[in-house]
Amino acid sequence: MKPKLTLNITAKTVEGGSDNALQAAAERKTKATETLADAWLRILAMKNSDTDAVKLREVKRAMDAGDIGRDVASAGKRFSKAEALRLYAVLAESQREQKLADLVANTPSNYRLLTDIDEVRAVVADAFNELIIAVDTETTGLDVYVDVIVGVSLTLPTADMHYYIPIQPTEDERALPSEDVLNVLKPLMESEEVGKVFHNANYDIQMFKRHGIDLRGLAWDTQTAMHVLNENEDAPVKGKQPGTYRLKDLATKYLGEPSDTFAELFGKNAKFAEVPLDIALVYGAKDTDLTWRLYEFQYAHMAKMPTVLEYYQTVEVPLLYVIVELERNGYVLDLDFAKKFGHELQTQANELHDYLITELSKYHDSDEPMNINSPQQLRPALSKHIGKELPNLDAKRTLKPLRSKHEIIDKLLEYRRITKLSGTYIDTLPTKQHPVTKRWHSRFNPMGTVTGRFSSGMDKDNSDDQSFNVQNQPKKARKMFVAPPGKVLVGADFKAQEIRCVAYLSKEPALIKAFIENKDPYANLAVEFTGLPYEEVYKTADGGDTEWRKKMKVAWLAALYGASGFTLGEWLGVPKKEAEDFMAKLWKSLPALGSWIEGNTEFVKQHGFVWMDKEQRKRRLPEAKWKREFIPYGKYDDPKYADARKHNGKIGGAIRQATNARVQGSSAIQTKVTMIRAHEECSKRDGWQLWASVHDELLFEIPSDFTREDIAVIEDVMLNSYQFGEVSNGTDIEVMTVWGEGMPVEEWFANKETEEHA
DNA sequence: CATAACGGGCGC
DNA sequence: ATAGGCGCCCGTTATG
């Protein structure tokens, strides 16, 4: 039986209403007579977010099964998406209670709650007989500088036992004092002899550090390992929920063990310290149980790729210690400078805003005041102002070419530059000082990119996170970052890292020769291409780039990014045909490079992935194996072929990524290996810290009375930690007290000597 | 009021 | 037939 809802009115009986009112009433009636099935069709056809879509389907399933009925308060009203989502909350709550009861009732017999310190001692003694164990901490929250551990889970695989140790401040009198338990655990956690497996080790290492435990013996992290095994795991695919590197999602998917996250079981704002111990046991012990099983699964798979396994264990795992130090060290900001600079920007922004509003309001067709930041309002107004229809407001392609002709566009670009600078950096960063450490902390995510680079930014799972992206700070914002008292910052980059990487991977003689002879690679490419003498294609008399060198830089990027002739033409400002001819001729003069790129394309089409250097890491590009769909000539813009267009676009995208991923990923390996060496050298010396890593650059914090020998150590780290075959590494080293305001090492020492003699 | 998509822009 | 790789974050806009 379909429930049918009707309202007791008809259009005819409404008295004294206007036509509009009649119509509205009729519409209301149509909507009200909608069947529930129709309502579902309507709701599911809406533009729902992925999370909403999942919730809605779940509610529909429960309703169809008769598990849940309509909201009493909404009786008589049309069934809405809002009501469906309210029902989801009700459903989730009752399911949650049922799930918890089921979990406790089905607690495995080898899960054990430890509430006696002697039992903890016995378990630790047993753990010393294991080669490797799984460990997890439960805490009061997610702030690694404030929150504390309220429980520790241990899995002892040979004993086949899973323990949960609740500690104070867990709100149960059986919970043991924190210090007692952690003192017993300390030798185990600090032992190199017993390996440890974690899921998201960074977090647990930091929590232990907060309690004075310096964790050693890290053997595996099931989160970063999963990313090495499948970097596409949480690719934002439509209709699929992201965030699948969570332990519970991985267990559900790979272990066939349906598992709920903490929030799903206890609600968003629940505190682990308040969870009853019978539930805490089954939840906590299951964490390490699942982590261990996931480790076994992952190890078996990775062992089939020995080069990847070796890389994971010797680079990605030890790197986690480095990341912990990097994040905890944090940054010092010059707040006085930020405040002064912020005011300056504000004044400039206000002036520009006034000018733009005055000029553009004339063309703004609305009673509401105009908003310059709204592209929707800005584009028509600006188009009318300059008397030319603008297709978009893209700075590089559309606005910059017009800036010299129209003052308004020049001012607009300046306004956008200033508001971006203050809004994202100068005004925002000062608010992110950590209240306890008094420093600014960034996150370095080793699984933030598909190629193996780090990403940096906020922790998406932690809404309170005050972290920020340290890798995209513009030059002007870097001036806020200063060396801590008594220290200097030393920046060391990999000179032409990606070009050296390509020289090595492609074995292109023209490139290799440039680095052996210590010449400029772009100029050497130009020599190879034009036959002109080196001096004529390198620098101009005033030290700027020659036309040929500029052109080669652009062509280089095009080659690396897989740009088409069309795009290269745009970059060089020449017709497509000319760009294509140029590219063809370039490949002819660099045959090894050309065939290397072609080889990458063939390889990815055949295998659906590419290798990074020495097969240490894969970039999986399954779309490259797809077959192109046929679109008849002239039908390209036909909406009928939209899907085919999209399909073919993905193939092109995957092929473009093949070469780029090899270069970017291999360079990232070099940077990561070098970071481990850098960290080792820092830990041998007082006051030395790795300060940041920005893709092809490492920054150090060292005492300001450093010597030339100290710089030689940093130079050695950069040049000799990871080689690209016979292609040597290069580095430029700078000393600074303010980030970005550097000077060469020799200048630093020269200044110092002058001061000493004065 | 929360969430997500999008245009735009900073870094390498 | 199609148009530059990898990120993160801001403000606006759409949506219910």
Side-chain angles (χ1 to χ4, degrees), chain A residues 43 46-52 80-86 231 236 238 242 371-379 392-399 413 416-417 419-425 427-429 442-443 445 448-458 460 463 467-478 493-494 497-498 554 556-571 576 579 619 628-637 641 644-645 648-649 651-665 667-668 671 693-697 740:
Chain A
I43 291 167
M46 287 175 183
K47 267 192 192 168
N48 298 308
S49 68
D50 293 347
T51 37
D52 278 356
S80 66
K81 177 177 167 181
E83 184 183 347
L85 290 176
R86 278 197 300 276
E231 73 282 359
K238 276 265 179 239
N371 182 354
I372 303 290
N373 296 329
S374 160
Q376 232 170 45
Q377 295 177 31
L378 181 60
R379 197 172 63 85
N392 53 53
L393 298 168
D394 188 277
K396 208 172 174 186
R397 290 207 325 272
T398 311
L399 300 181
L413 287 170
R416 286 215 281 206
R417 193 184 66 77
T419 49
K420 171 75 178 179
L421 188 57
S422 61
T424 306
Y425 305 105
D427 293 345
T428 309
L429 241 53
S442 178
R443 302 295 311 269
N445 183 358
T449 70
V450 289
T451 54
R453 274 188 176 181
F454 278 104
S455 74
S456 167
M458 247 180 1
K460 278 188 233 17
S463 52
S467 311
F468 57 93
N469 184 351
V470 82
Q471 296 182 323
N472 77 337
Q473 296 295 322
K475 183 123 175 53
K476 292 201 161 160
R478 290 183 180 191
D493 71 345
F494 287 108
Q497 185 185 36
E498 291 198 343
V554 173
W556 178 261
L557 276 180
L560 231 61
Y561 294 166
S564 67
F566 175 90
T567 307
L568 180 62
E570 277 204 338
W571 292 353
K576 177 182 151 189
R619 170 73 182 110
R628 283 189 174 276
E629 278 181 24
F630 177 68
I631 301 174
Y633 185 77
K635 298 281 181 185
Y636 185 70
D637 293 324
Y641 294 100
R645 227 160 39 226
N648 291 351
I651 300 171
I655 289 169
R656 270 199 304 283
Q657 286 175 60
T659 290
N660 187 255
R662 295 197 70 192
V663 181
Q664 200 182 100
S667 299
T671 300
S693 154
V694 190
H695 309 307
D696 67 345
E697 184 184 14

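Chain letters run A, B, ... following the sequence lines, proteins first, then strands; residues in each count from 1.
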Open item on the list: Applying side chain to side chain contact (heavy atoms under 4.5 Å, CB included), can you list everything that pairs with A:N648, at least two apart in sequence or on another chain?
Closed with: A:R628, A:E629, A:I631, A:I651

Open item on the list: Test of understanding: with side-chain hydrogen bond (donor to acceptor under 3.5 Å, both in side chains), list the residues that count as partners of A:R379, not counting sequence neighbours.
Closed with: A:E389

Quick test: give all pairs of protein nitrogen or oxygen and nucleotides 10-12 of chain B nitrogen or oxygen below 3.5 Å, distance rounded to 0.1 Å.
{"from": "B:dC10", "atom 1": "O2", "to": "A:N472", "atom 2": "ND2", "distance (Å)": "3.0"}
{"from": "B:dG11", "atom 1": "O3'", "to": "A:R478", "atom 2": "NH2", "distance (Å)": "3.3"}
{"from": "B:dC12", "atom 1": "O3'", "to": "A:D696", "atom 2": "OD1", "distance (Å)": "2.5"}
{"from": "B:dC12", "atom 1": "O3'", "to": "A:D696", "atom 2": "OD2", "distance (Å)": "3.1"}
{"from": "B:dC12", "atom 1": "O2", "to": "A:R453", "atom 2": "NH1", "distance (Å)": "2.8"}
{"from": "B:dC12", "atom 1": "O2", "to": "A:R453", "atom 2": "NH2", "distance (Å)": "3.2"}

TODO: Report the distance from atom CD of A:E570 to atom C1' of C:dT2, rounded to the nearest whole Å.
DONE: 12 Å

Task: Most 5' of A:A563 and A:F630 on DNA chain C, judged by nearest nucleotide - done: A:F630

- [ ] Find the distance A:R443:CZ to C:dG7:C1' and express it as a whole number of Å.
- [x] 16 Å

Open item on the list: Does a side-chain N or O of A:N373 approach OP1 or OP2 of C:dC10 to a distance below 4.0 Å, or not?
Closed with: no

Open item on the list: Going by salt bridge (Lys or Arg N to Asp or Glu O under 4.0 Å), name the residues that satisfy it together with A:R453, two or more places apart in sequence or in a different chain.
Closed with: A:E498

Open item on the list: List the residues meeting side-chain hydrogen bond (donor to acceptor under 3.5 Å, both in side chains) with A:S467, not counting sequence neighbours, and say none if there are none.
Closed with: A:D465

Task: A:A558: side chain to side chain contact (heavy atoms under 4.5 Å, CB included) partners, not counting sequence neighbours - done: A:A563, A:L568, A:W571, A:M583

TODO: Could you check how far CD of A:Q657 sits from C1' of C:dC6, rounded to whole Å?
DONE: 9 Å

- [ ] Using a cut-off of strictly less than 4.0 Å, decide whether A:S455 has a side-chain nitrogen or oxygen near OP1 or OP2 of C:dC8.
- [x] yes

- [ ] Counting heavy atoms from C-beta on, name the nucleotide in C:dT12, C:dC10, C:dG7 closest to the side chain of A:T424.
- [x] C:dC10

TODO: Identify whether any heavy atom of A:G448 sits under 4.0 Å from a base atom; if not, whether one sits that close to sugar-phosphate; answer base, sugar-phosphate or nothing.
DONE: sugar-phosphate

Task: For atom CG of A:N648 and atom C1' of C:dA3, their distance in whole Å - done: 14 Å

Open item on the list: Quick check: on DNA chain C, is the nucleotide nearest A:Q377 upstream (toward 5') of the one nearest A:N660, or the reverse? Name the residue that is more 5'.
Closed with: A:N660

TODO: Quickly work out the A:F454 CZ to C:dC8 P distance and round it to whole Å.
DONE: 13 Å

Open item on the list: Using 0.5 Å steps for rounding, measure from the CG atom of A:N445 to the CG atom of A:N469.
Closed with: 11.0 Å

- [ ] Report the distance from atom CZ of A:R379 to atom P of C:dT12, rounded to the nearest whole Å.
- [x] 18 Å

Task: Nucleotide nearest A:M458 (side chain, heavy atoms from C-beta), chosen from C:dA3, C:dC9, C:dC6 - done: C:dC9

Open item on the list: Considering every strand and a 4.0 Å limit on heavy-atom distances, what is the contact class for A:V663: base, sugar-phosphate, or nothing?
Closed with: nothing

- [ ] Would you kindly give the CG-to-C1' distance between A:L399 and B:dG7, to the nearest whole Å?
- [x] 12 Å

TODO: Enter the distance from A:R619:CZ to A:T451:OG1 here, rounded to the nearest 0.5 Å.
DONE: 8.0 Å

Task: Touch class at under 4.0 angstrom, heavy-atom based, for A:S456 against every strand present - done: sugar-phosphate

TODO: In whole angstrom, give the distance that lies between atom CH2 of A:W556 and atom P of C:dG5.
DONE: 17 Å

